[in-house]
S.K.: 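Let me begin by handing over the structure; questions about it come next.
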Amino acid sequence: MQHDIDEIRQGLLSAIANSSSPREILKSAALKDMYSVIGTLEPSERAAYGKAVNEVKLALEAAVVAREAELADAAVEPIDITAPWDANSTMPDLMPSETASQHPLTKELEEVVNIFTRMGFEAIESRQIDDDFHMFGALNFPENHPARDGYDTFRTEEGFIPPAHTSTMQHRILKDGLSKLEAGGKIAAISYGRVFRNEDVDATHEHTFYQCEGVFVSRDATLGQMLGTLRSFFEVYYGQKLSIKTQPGYFPFVEPGLEFAIEKPASIGGKPGEWLEMLGCGMIHPNVLKEAGIDPTVYRGFAWGGGVERLVMLKYGIEDLRHFESGKLQFLRKFA
Ligand code: PHE
């Protein structure tokens, strides 16, 4: 008799330990059968048997409580938000790719950055809020100089400036690069990003647009190297040989300063002698080098900067600059 009870007890305990609804097992037929046996026993045996069955019942109830606690613990197991995500453990849930596309400016900017990084330039994003020092002071704009007005800068109430050109990054690039020069190397960096001007908006003017800036410094940098670098860039970007030309241009942070133009290629409707001004450039002014701690009697540099939209408009024959910031899907889908 005791043997039967032990067997039933073991069977039920292991069923409880593995069940997700352990309390159900207390209602099992095996347990009820054990009670119904009592009535069939000799009166002298009943007390001992009843006691044994009660012990089994208590053991099973304890097991149910323990199992329920175990299940509750598993259900609220805390998530370790610092754990690395195993990308192989689950199938990524992909968006339907046929509805997505990159903005044409993003795509073209990537192309511009790629060309310059292949030429050995480090690429850094420009800031979208800056100060008077980086916008003007570090770039050799004297206080109250009329050249400051040429930039139509916005200003926050606190006096900060959403940069009106990517040249605001020049001082940082030069200062950070000083150690490279001292170690016998060169500074070669481009900076790209959004710039802001308080302009009346029309087909060729926007208050918000993109620029890309280049800065190069070495012991023997020349204007010729700069023109070679720029020509190579434009020829790779447009995928063909180009004629280039420069004319004097005034920017307080370069001397000499130049405006750089390319002849509009026939393949995109250009006529001979049709020149397009693409950017401003020149040899970095000694005052700008000095301000960043670079000795202008030892090192020379060149810099350039120009709008990205203009490049893209010429490449694809886009007639209105305002399309880029318009969010018009009809326009964007042409580049998908
Ligand atoms: N920052 C100038 C502009 O936006 C362009 C420029 C950059 C000119 C670097 C010379 C050197 O008009």
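The first residue in the sequence is number 1, and the count goes up from there. For ligands, and for the atoms within them, numbers begin at 1 and follow the listed sequence. Everything numeric here is computed off the predicted structure, so don't read it as measured data.
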S.K.: Under a 4.0 Å heavy-atom cut-off, which residues neighbour ligand 1?
M.R.: Tyr151, His165, Ser167, Gln170, Arg197, Gln211, Glu213, Phe251, Phe253, Val254, Gly280, Cys281, Ala303, Trp304, Gly305
S.K.: Identify whether the distance between the nearest side-chain nitrogen and carboxylate oxygen of Glu235 and Lys241 falls below 4.0 Å.
M.R.: yes
S.K.: Side-chain donor-acceptor contacts of residues 304-315 below 3.5 Å, not counting sequence neighbours, with atom names and distances?
M.R.:
{"from": "Glu309", "atom 1": "OE1", "to": "Tyr210", "atom 2": "N", "distance (Å)": "3.1"}
{"from": "Glu309", "atom 1": "OE2", "to": "Tyr210", "atom 2": "N", "distance (Å)": "3.1"}
{"from": "Arg310", "atom 1": "NH1", "to": "Glu277", "atom 2": "O", "distance (Å)": "2.5"}
{"from": "Lys315", "atom 1": "NZ", "to": "Glu108", "atom 2": "OE1", "distance (Å)": "3.1"}

S.K.: Please determine, by modelled atom types, if Ser167 and Glu213 share a side-chain donor-acceptor pair under 3.5 angstrom.
M.R.: yes
S.K.: Please output the side-chain donor-acceptor pairs of residues 112-125 that fall under 3.5 Å, not counting sequence neighbours, one pair per line with the distance.
M.R.:
{"from": "Asn114", "atom 1": "ND2", "to": "Glu110", "atom 2": "O", "distance (Å)": "3.4"}
{"from": "Thr117", "atom 1": "OG1", "to": "Val113", "atom 2": "O", "distance (Å)": "3.0"}
{"from": "Thr117", "atom 1": "OG1", "to": "Asn114", "atom 2": "O", "distance (Å)": "3.0"}
{"from": "Glu122", "atom 1": "OE1", "to": "Lys180", "atom 2": "NZ", "distance (Å)": "2.8"}

S.K.: When you compare the side chains of Thr156 and Glu158, does any donor N or O come within less than 3.5 Å of an acceptor on the partner?
M.R.: yes
S.K.: Enumerate the side chain to side chain donor-acceptor pair (under 3.5 Å) contacts for residues 244-257, please, sequence neighbours excluded, ordered by first and then second residue.
M.R.: Gln247-Glu259
